[in-house]
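Next up is a structure, given as structure tokens.
Proteins get letters first, then strands, A, B, ... in listed order; numbering begins at 1 in each.
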There are 2 protein chains.
Amino acid sequence: MKLNFEKFKKDFSLSLEDISREYFIRNKDNMSIKKESTAIKNLATIIQTTLSISNDRGFQAMSLRDLSKESGLSLGALYSYFSSKEELFRIIHNIGMDTITNVLVQNIAHCNTLEEKLRHGIKIHLYLSELMGDWFYFLYMETKNLSKEERKLSLQAELYTENIFAEIIQEGIKKKIFQTKNALLISSAIKALLQDWYLKRWKYLSRKITVEEYAEFVIEFVEANLLKNKK
Amino acid sequence: MKLNFEKFKKDFSLSLEDISREYFIRNKDNMSIKKESTAIKNLATIIQTTLSISNDRGFQAMSLRDLSKESGLSLGALYSYFSSKEELFRIIHNIGMDTITNVLVQNIAHCNTLEEKLRHGIKIHLYLSELMGDWFYFLYMETKNLSKEERKLSLQAELYTENIFAEIIQEGIKKKIFQTKNALLISSAIKALLQDWYLKRWKYLSRKITVEEYAEFVIEFVEANLLKNKK
DNA sequence: AAAAAAATAACGAACGTTCGTTTTTATATT
DNA sequence: AATATAAAAACGAACGTTCGTTATTTTTTT
């Protein structure tokens, strides 16, 4: 049950090609590209290049000519994989959301104690964002491109994660394991600390802090509050 | 010495007009608008509208026709206040950076105890970001528009704030007031929690959490770590 | 040779920007 | 005080360029 990053990384087999394959299989009827291997290869390239340019200069600032040049596909070829720039955004956004949500849901393990549950949740989030940093950063920074209604859905996803922690803490309070008046604020703070890891990658990278070290820190930081008068 | 938001708000007299006035006076030689009152009025409108559109849809997504329409100034008139869209960005970015830095530097008070100093720093940051939320959000989300070199300067500003807290904590460790192995990580976490306040305004607003409540929470949250084995 | 995929070329709309003109405001003259 | 003149500010149509997108042609694969 003891989770570390190496183990998570090994079990986490989702490559960009896997993600592209799943998308192709689900949507092959509406796609003009017939051959699976070609579709997957190019989809993976397109997504990777888009994430890379967007995270550097912004999705709006990326022209399709940029994408063409940096992906090695012609303008015409690109349009075999999406019908508009807006759709390209939606594809990446939706794939990212779904993938992340699925991995999180599947990995929220049933631990023995609530303390373990809390630690486990924090680690899973951090480890996943370590492996899918591009996606997390993109989803966070490019929400502006969504319509008003789509944004609301995106906000609910934010609250969803927060709620997972809130529920653990609430239950802990009932069972008198945790002690705090601010269960929701603490959940919110946890979320902020988890996000900092992928929003400020450059900082932690330059300081040579590993994801495991950071996870330990966050856990300690949070537990110092929840177990304040316990120890 | 006891600081609360109401007091800070009253003492903080900087309006958008004040900021525009200072910019005008500094740059009047290079400006085609001669009359101070006109320049200030329109500069304030331009800045406010740009911040508003940018924070909603993104600076890149804002066309100058949008800005013209929503500010009430014609396309031609706009170009009397800046020489290019890029310059408009730089003007707002630089004014924002300078203003915020100045206010912070001026308000880092010399408190009696280190604990007070820490609390004071947290409050000042939160109160200021409460009053200048638009600017903070803009500066955070639109860094992409800067050149590589300008970005580096921007990152150093991020580290500057962090360092203020790091130094307080370091000193506290020396004097055996605080206790932690992770002074820098805690500073980094403080920064993340302060940023969450203006990055997730919608969330805290909808939960009706006031800036004072949040400040109290952050202080409590941090002190629980620094004073762990003290109480 | 037929089908699929990629590359090329072209289109109209929208962009940032400029500029000749008009409107408004301030100054000078009667 | 009223009028004439000059300066300042605002206007919006038009320019060249770049954008997303589509139609056509070429290349590759089966």
How many whole angstroms separate atom CE of B/M62 from atom P of C/dT17? 11 Å
Please examine the side chains of A/F165 and A/K191, heavy atoms only from C-beta on, and report whether any two atoms are closer than 4.5 Å. no
Side-chain contact, heavy-atom cut-off 4.5 Å: B/H125 with B/N107? no
Could you go over nucleotides 26-28 of chain D and give all protein N or O partners under 3.5 Å, atom names and distances?
none

Nearest whole Å is fine: how far is C/dT17 C1' from B/L67 CG? 14 Å
Taking the side chain as every heavy atom from C-beta outward, state whether A/L199 and B/Y140 have any pair of such atoms under 4.5 Å apart.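 The answer is yes; the side chains approach within 4.5 Å.
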State which of C/dC15, D/dG20, C/dT18 makes the closest approach to the side chain of B/S63.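 The nucleotide sitting nearest to the side chain is C/dC15.
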A/L78 CG - D/dT22 P separation (whole Å):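 After rounding, the reported distance stands at 13 Å.
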Within 6.0 Å of CD in A/E22, more than 12 heavy atoms from elsewhere: no
Separation of D/dT21 C1' from A/F89 CZ (nearest whole Å): 20 Å
Quick one: A/F82 CZ to D/dT22 P, roughly how many Å, whole number? 11 Å
Side-chain heavy atoms of A/E213 within contact of B/L185, under 4.5 Å: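 No - every pair of side-chain heavy atoms lies 4.5 Å or more apart.
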Counting any heavy atom closer than 4.0 Å, what does B/M31 reach on the DNA or RNA strands: base, sugar-phosphate only, or nothing?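 Here B/M31 touches no strand at all.
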Measure CZ/B/R65 against P/C/dT17 and give the value in whole Å, please. 11 Å
Evaluate the side chain to side chain donor-acceptor pair (under 3.5 Å) criterion for residues B/E150 and B/S147: first the C-alpha distance (whole Å), next the side-chain angles of each, then the deciding distance (0.1 Å), finally the verdict. CA-CA 5 Å; B/E150 289 169 318; B/S147 71; 3.0 Å; yes
Take the angle between the ring planes of B/F221 and A/F221 and call it parallel below 30°, perpendicular above 60°, tilted in between. perpendicular
A/L88 CG - D/dC19 P separation (whole Å): 16 Å
Sort me out a list of protein N/O and nucleotides 9-12 of chain D N/O pairs below 3.5 Å, or just none if empty.
from   : atom 1 : to    : atom 2 : distance (Å)
D/dA9  : OP1    : B/K34 : N      : 3.0
D/dA9  : OP1    : B/K35 : N      : 2.7
D/dA9  : OP2    : B/S32 : O      : 3.1
D/dA9  : OP2    : B/K34 : N      : 2.5
D/dA10 : OP1    : B/N42 : ND2    : 2.7
D/dA10 : OP2    : B/Y81 : OH     : 2.9
D/dC11 : OP2    : B/S74 : N      : 2.7
D/dC11 : OP2    : B/S74 : OG     : 3.3
D/dG12 : O6     : B/G76 : N      : 3.2

In Å and rounded to the nearest 0.5 Å, what is the CD to CG distance from B/Q195 to A/D196?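 Interatomic distance, B/Q195 CD to A/D196 CG, rounded to 0.5 Å: 6.5 Å.
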Could you check if a side-chain atom of B/M132 sits within less than 4.5 angstrom of a side-chain atom of B/Y198, using non-hydrogen atoms only?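 No, too far: nothing below the 4.5 Å cut-off.
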May I have the distance from B/E86 (atom CD) to C/dT17 (atom C1'), rounded to whole angstrom?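 Atom-to-atom, B/E86 to C/dT17, this comes out as 14 Å.
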